[in-house]
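Contents: one structure, followed by commentary.
Computed from a prediction, not measured in an experiment: that's the story for all the values here.
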Amino acid sequence: MTKLLRKSDGSAPEPAVVRGARRTVAVVVAALVCLALVVTLLVGFNPFGGLGDLFGERTEDRTGPVLLKSVRDLDRYEGAAGDFQVVVDLEKDTKFLPDAIRGTRTLFVGAGSVSAYVDFGSLTEDSVRVNDDRTEATVRLPHARLGSAALDPDRSYAVSKERGLLDRLGDLFSDNPADERAVHRLAADHIDRAARESGLTARAEKNTTAMLEGLLGSLGFRSVTVVYG
């Protein structure tokens, strides 16, 4: 039988079970308040913004030391460089299967640069002719050449990548599911092709000629002729 306790003000008696439940709730609330205070102190008096720091991700760089594989002497003068950007739209599909089942389509923005240079490594004594009084000089150089396109990872990015169901399942068992080497190579190929049509080599030869004229002019040569061939 539930025991009733009459209140001192004469109101209706309250069961002891109810009073016990109220005490339990009060204890729980007090414990939660204390826990909230402790968390607030731990996160620097910021109970909302600090929780992200308390439970956020941590990034740790475990990269090993960089190994120097080889050293090359560069005997060339880079006379010009061009910055390029291309939007690659690469689609792969399979016969008799809809794209939703098997197929991929990648939209990729590739940004990179190409340099044009004149190779000085092949020059010999016959490449430079000087008159007797050292006032005139003739320099024979090879034509300027283009380097390979170098993609800039900070300015190159994938806009979207659509994959069929089978391709998505295959990515689950792939060592490199986000492999984008194909679009990287395609972007570099397009940039190389654009560089060949941009006139970079002609500009590199012009700038190389200006550099040699200034250099040899400072040495006392009044006439400097640069021949490419």
Side-chain angles (χ1 to χ4, degrees), residues 59 61-90 106-161 176 178-229:
T59 302
D61 187 0
R62 298 183 182 273
T63 306
V66 178
L67 301 179
L68 178 62
K69 302 293 290 184
S70 63
V71 175
R72 294 176 298 162
D73 293 329
L74 298 180
D75 297 323
R76 67 186 191 182
Y77 176 75
E78 292 191 358
D83 293 327
F84 300 86
Q85 186 179 73
V86 61
V87 178
V88 176
D89 188 351
L90 181 62
T106 304
L107 196 62
F108 178 81
V109 175
S113 61
V114 177
S115 62
Y117 64 92
V118 176
D119 185 10
F120 287 173
S122 60
L123 298 184
T124 63
E125 294 182 357
D126 295 334
S127 300
V128 180
R129 297 292 180 89
V130 179
N131 64 347
D132 294 336
D133 56 359
R134 297 182 60 83
T135 58
E136 298 180 1
T138 301
V139 183
R140 295 186 178 276
L141 298 174
H143 282 294
R145 301 171 61 185
L146 291 174
S148 300
L151 290 183
D152 185 350
D154 293 331
R155 297 187 295 126
S156 302
Y157 56 93
V159 178
S160 64
K161 186 171 184 178
N176 189 8
D179 188 6
E180 296 178 349
R181 285 176 295 183
V183 291
H184 284 202
R185 286 193 295 266
L186 192 56
D189 290 342
H190 281 289
I191 291 177
D192 282 334
R193 190 178 303 115
R196 290 194 294 268
E197 301 172 356
S198 65
L200 269 180
T201 53
R203 189 179 186 90
E205 292 180 1
K206 179 180 179 180
N207 293 339
T208 302
T209 298
M211 182 272 294
L212 290 175
E213 288 176 346
L215 177 62
L216 296 178
S218 65
L219 297 177
F221 290 91
R222 296 194 295 267
S223 176
V224 178
T225 302
V226 181
V227 180
Y228 296 90

Listing, residues 146-155 side-chain donor-acceptor contacts under 3.5 Å, not counting sequence neighbours, or none:
residue : atom : partner : partner atom : Å
Asp152  : OD1  : Asp154  : N            : 3.0
Asp152  : OD2  : Arg155  : NE           : 3.0

Per-pair distances, 0.1 Å, donor-acceptor, side chain in residues 76-84, under 3.5 Å, sequence neighbours excluded:
none

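A distance of 8.0 Å separates OG of Ser160 from CG of Asp89, quoted to the nearest 0.5 Å. Between the OG atom in Ser198 and the CZ atom in Arg193 there is a gap of 13.5 Å [rounded to 0.5 Å]. We find the CD-OG1 distance between Glu213 and Thr225 to be 8.0 Å, quoted to the nearest 0.5 Å. Taken from CG in Asp192 to CZ in Arg185, the straight-line distance is 13.5 Å, to the nearest 0.5 Å. With values rounded to the nearest 0.5 angstrom, Leu186 atom CG is found 10.0 Å from Ile191 atom CD1.
Applying the side-chain contact (heavy atoms from CB on, under 4.5 Å) test to Arg222 and every residue at least two apart in sequence or in another chain returns Thr135. Checked against side-chain hydrogen bond (donor to acceptor under 3.5 Å, both in side chains), Glu205 has the following partners two or more places apart in sequence or in another chain: His143. Judged as a salt bridge (charged side-chain N to carboxylate O under 4.0 Å, His left out), and not counting sequence neighbours, Asp189 has no contacts. By the side-chain contact (heavy atoms from CB on, under 4.5 Å) test, Val87 is found to be paired with Leu107, Val109, residues two or more places apart in sequence or in another chain being considered. Partners of Ser156 according to the side-chain hydrogen bond (donor to acceptor under 3.5 Å, both in side chains) rule, which considers only residues two or more places apart in sequence or in another chain, do not exist here. Under the ring pair (Phe, Tyr, Trp, His ring centres under 6.0 Å) criterion, Phe108 pairs with His184, not counting sequence neighbours. Partners of Thr124 under the side-chain contact (heavy atoms from CB on, under 4.5 Å) rule, at least two apart in sequence or in another chain, are Asp126, Ser127. Partners of Arg196 according to the side-chain hydrogen bond (donor to acceptor under 3.5 Å, both in side chains) rule, which considers only residues two or more places apart in sequence or in another chain, do not exist here. In this view, Tyr228 and Thr209 satisfy the side-chain hydrogen bond (donor to acceptor under 3.5 Å, both in side chains) rule, not counting sequence neighbours.
Thr208 places none of its side-chain heavy atoms less than 4.5 Å from the side chain of Val226. In this structure, the side chains of Val128 and Leu123 stay at 4.5 Å or more apart for every pair of heavy atoms.
Heavy atoms only, all atoms of each residue included: Ala144 and Val118 are closest at CB-CG2, 3.9 Å. Counting all heavy atoms, side chain and backbone alike, Ala204 lies closest to Ala116 at CB-CB, 3.6 Å.
Counting only residues at least two apart or in different chains, ring-ring contact (aromatic ring centres under 6.0 Å, His included) contacts with residues 186-223 are absent.
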